[in-house]
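Labels below follow one simple rule: chain letters A, B, ... track the order of the sequence lines, proteins then strands, and each chain is numbered from 1.
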Protein chains: 2
Amino acid sequence: MEQELSLINGAKPQPKRLGKNGDGDERHEVIYRAISDAIIKQQLQPGARLREDALTEVFNVSRTGIRKILQRLALEQLVTITPRRGASVTRPTAAEARDVFAARKMVECGLMPEVALHITPQDVSELRDMAKREHKALKAGEQSTAIRLSAAFHERLAQLSGNATLAAFVSQLCSRSSLILAVYGSAGNLGCESHDHEDLINYLAEGDGEKAKAFMNHHLMEIEASLSIVEEEAVAPDLHQIFGMTS
Amino acid sequence: MEQELSLINGAKPQPKRLGKNGDGDERHEVIYRAISDAIIKQQLQPGARLREDALTEVFNVSRTGIRKILQRLALEQLVTITPRRGASVTRPTAAEARDVFAARKMVECGLMPEVALHITPQDVSELRDMAKREHKALKAGEQSTAIRLSAAFHERLAQLSGNATLAAFVSQLCSRSSLILAVYGSAGNLGCESHDHEDLINYLAEGDGEKAKAFMNHHLMEIEASLSIVEEEAVAPDLHQIFGMTS
DNA sequence: GCACCTTAATGCGTATACAATAGTATATGA
DNA sequence: TCATATACTATTGTATACGCATTAAGGTGC
């Protein structure tokens with residue numbers, strides 16, 4: 001549970017305290033991405049605590065900035081902030097897992113016809129490239145990279161619909177899905193295996209929105225089915241319920 | 001454009017600086033709600049600036065807290081934060097308006113069958129009550145109340161589906177819709193008039209999810225059609241495109 | 001020996017102070 | 001009189017300092 005925080009600071013050898021405001025916004029974006037990535041890639045596992053002081057040291061920004069980032073992550077449900085206990089990587093409940101996949105089925109499938117209409121040959125080749133890289137990562141055993149690429153694929157797909165609002169929503173759902181995979185996925189079987197993505201691209205390239213829609217539905221159901229979504233409940237056992245007392 | 005900020009502080013006669021941490025979180029939630037409500041009720045119109053100092057005075061909290069709240073509102077797209085210019089109520093673009101309504105059609109319609117399955121007589125009477133109050137407000141000419149109640153109705157409906165994730169998303173979409181109505185709606189015709197909501201409840205009470213779905217689609221299309229969504233474009237004309245220069 | 005109380009340490013919530021920047025106004029020169 | 005440049009003001013971005021809460025450990029009393 002306790003992990004080394006420094007590992008998420010992949011490419012920033014102490015920014016040298018670049019003072020008050022060396023393009024400040026940029027830095028925050030970078031840090032946000034770093035933490036987000038670390039969570040999605042499961043370098044930071046559900047339940048891992050994210051102490052503000054530790055992050056402050058790692059990224060060399062003040063707590064103010066860290067807090068801003070943590071709150072953003074909290075709104076996206078990647079981290080959970082408990083009032084006086086601090087932030088930690090959220091451990092999705094079974095209900096949340098169900099909700100997220102239901103939402104993905106509804107939105108991502110609904111988007112497919114639109115995508116099929118708008119897609120260009122350029123987009124197709126880009127998607128194929130992404131699928132190829134994902135496949136390669138999977139074969140090389142780089143799980144975290146594969147998960148990340150898979151999420152990126154689904155996000156890119158949603159963007160192609162042209163609806164920025166729904167694309168952003170899908171993006172969030174994909175991030176949360178990565179967490180869900182981390183908690184409820186069995187070791188060997190991590191979603192989006194096989195050639196599903198390649199097949200999906202073919203349908204879209206043909207302009208067959210309905211087939212793509214049906215296939216996406218199947219695809220998501222398969223991923224969900226591969227999970228073992230059972231409530232762990234260890235966190236806060238409901239003593240009232242267990243012992244049948246009212247107060 | 002410049003409005004009186006104090007009007008959003010409806011019911012808090014100076015909390016008397018209740019010190020360091022008198023259930024601090026609670027206060028923030030209240031303030032968040034107050035600002036959010038004021039935007040949705042169009043007491044704060046799109047483009048209105050939200051200066052941190054002013055809010056600090058009105059609500060009697062430090063800028064730190066205000067900033068937190070503003071950032072939350074920004075993530076929900078209710079306010080826009082421009083890097084060194086501060087926060088203002090967002091003025092939705094035409095593209096955003098289209099995206100939001102497309103999203104609402106997809107999600108809210110998709111949720112109807114689920115709602116029809118889960119709904120209880122208790123829920124039905126609650127919804128009828130909400131619809132009645134909305135109608136009354138509309139007849140009494142209380143526009144802002146009516147808009148707020150209408151949004152609340154749609155949100156409650158989404159909640160009844162049992163999917164918290166999608167419900168939260170719908171909630172956001174409804175908030176943004178209020179803004180869109182404020183910008184693109186014609187004066188007289190503010191959405192959700194007539195007895196649409198009552199009819200919808202009837203379909204749901206009968207358990208006819210498909211009819212409810214179709215009706216919801218019609219309902220949302222009607223609202224969207226009543227808007228005059230034309231790009232104002234004054235905001236940030238793309239000079240590169242206009243003058244055809246590459247750099 | 002066990003339980004409870006006290007104390008210390010850790011860590012977050014809040015406020016305040018300082019730095020930097022964008023917008024505005026004014027002054028000066030042509 | 002108009003245009004340009006400079007100085008100023010208003011407002012945000014960032015960091016730091018302080019205070020309270022919670023937790024854990026150690027000591028003392030029973």
Side-chain angles (χ1 to χ4, degrees), chain A residues 1-3 5 12 14-32 35 44 47-75 79-90 235-236, chain B residues 1-5 12 14-32 35 44 47-75 79-90 234-236:
Chain A
M1 183 101 54
E2 288 303 325
Q3 308 179 39
L5 269 175
K12 284 186 58 190
Q14 298 296 78
K16 203 66 74 49
R17 178 71 158 66
L18 57 80
K20 303 309 171 181
N21 118 353
D23 58 358
D25 255 357
E26 216 59 41
R27 261 189 332 176
H28 281 184
E29 190 61 28
V30 170
I31 297 172
Y32 164 78
I35 299 179
L44 288 170
R49 289 194 60 184
L50 300 170
R51 292 191 311 103
E52 295 183 355
D53 282 354
L55 293 170
T56 291
E57 273 186 35
V58 172
F59 292 109
N60 220 44
V61 278
S62 74
R63 273 183 53 218
T64 314
I66 291 293
R67 290 179 57 85
K68 191 165 117 183
I69 293 165
L70 285 178
Q71 265 152 25
R72 181 169 160 197
L73 287 165
L75 283 184
V79 317
T80 305
I81 296 181
T82 351
R84 275 182 196 84
R85 303 292 231 51
S88 56
V89 180
T90 76
V235 186
Chain B
M1 183 99 55
E2 289 302 324
Q3 309 179 39
E4 198 55 48
L5 270 175
K12 284 186 56 188
Q14 298 297 79
K16 204 62 76 48
R17 179 69 158 67
L18 58 80
K20 303 306 170 181
N21 121 359
D23 58 357
D25 255 356
E26 216 59 41
R27 260 189 334 176
H28 281 184
E29 190 60 28
V30 171
I31 297 172
Y32 164 78
I35 298 178
L44 287 171
R49 290 194 57 184
L50 299 171
R51 290 191 311 102
E52 296 179 357
D53 282 353
L55 293 171
T56 291
E57 275 186 35
V58 173
F59 291 110
N60 220 44
V61 278
S62 75
R63 272 182 56 216
T64 313
I66 291 293
R67 289 179 61 83
K68 191 165 115 184
I69 293 165
L70 285 177
Q71 265 154 23
R72 180 169 162 196
L73 287 165
L75 284 184
V79 317
T80 305
I81 295 181
T82 342
R84 313 241 163 209
R85 302 287 240 52
S88 56
V89 180
T90 76
V235 186

Closest approach to the side chain of B:Thr64, judged atom by atom: which nucleotide of C:dT16, D:dG13, C:dC12 is it? C:dT16
Quick one: A:Leu50 CG to C:dT10 P, roughly how many Å, whole number? 19 Å
On DNA chain C, check which nucleotide each of A:Gly86 and B:Gly65 is closest to and give me the residue with the more 5' one. A:Gly86
How many whole angstroms separate atom CD1 of B:Ile69 from atom P of C:dG13? 14 Å
Looking at every heavy atom in both A:Ser88 and A:Gly47, which two are closest together, and how far apart are they? CB-O, 4.0 Å
Tested for side-chain contact (heavy atoms from CB on, under 4.5 Å) against A:Leu50, the lone hit among A:Thr80, A:Leu73, A:Leu70, A:Ile66 is A:Leu70
Check the distance between C:dC12's P and A:Arg67's CZ and give it to me in whole angstrom. 8 Å
In whole angstroms, how far is the C1' atom of D:dG13 from the CG atom of B:Asp53? 13 Å
Would one find a side-chain N or O of B:Lys68 under 4.0 angstrom from OP1 or OP2 of C:dG13? no
Would you mind reading off the distance between B:Arg63 atom CZ and D:dA15 atom P, rounded to a whole angstrom? 14 Å
How long is the line joining CD1 of B:Ile81 and P of C:dT21, in whole Å? 19 Å
What is the distance, rounded to the nearest whole Å, between atom CG of B:Leu70 and atom P of D:dT11? 15 Å
Rounded to the nearest 0.5 Å, what separation is found between the CZ atom of B:Arg72 and the CD1 atom of B:Ile31? 11.5 Å
Angle between the two end axes of the helix from C:dG1-D:dC30 to C:dA30-D:dT1, five base pairs per end, rounded to 10 degrees? 10°
Residues that B:Arg85 engages under side chain to side chain donor-acceptor pair (under 3.5 Å), provided they are two or more places apart: none
B:Ile66 atom CD1 is separated from C:dA15 atom C1', nearest whole Å, by 13 Å
Out of C:dC12, D:dA15, D:dT14, whichever nucleotide has its closest atom nearest the side chain of A:His28: D:dT14
Correct closest heavy-atom pair for A:His28 and A:Ile69 would be O-CD1, 3.8 Å
Which residues pass the side chain to side chain donor-acceptor pair (under 3.5 Å) test with B:Glu52, not counting sequence neighbours? B:Arg63, B:Arg67
D:dT12, OP1 or OP2 - any side-chain N/O from B:Arg84 closer than 4.0 Å? no
Taking all heavy atoms of A:Thr56 and all of A:Ser62, pick out the closest pair and write down the distance. OG1-C, 4.1 Å
Short N/O separations, protein against nucleotides 23-25 of chain C, under 3.5 angstrom:
residue: C:dG23; atom: OP1; partner: B:Arg85; partner atom: NE; Å: 2.6
residue: C:dG23; atom: OP1; partner: B:Arg85; partner atom: NH2; Å: 2.9

Is there a donor on the side chain of B:Arg27 or the base of C:dG13 sitting less than 3.5 Å from an acceptor on the other? no
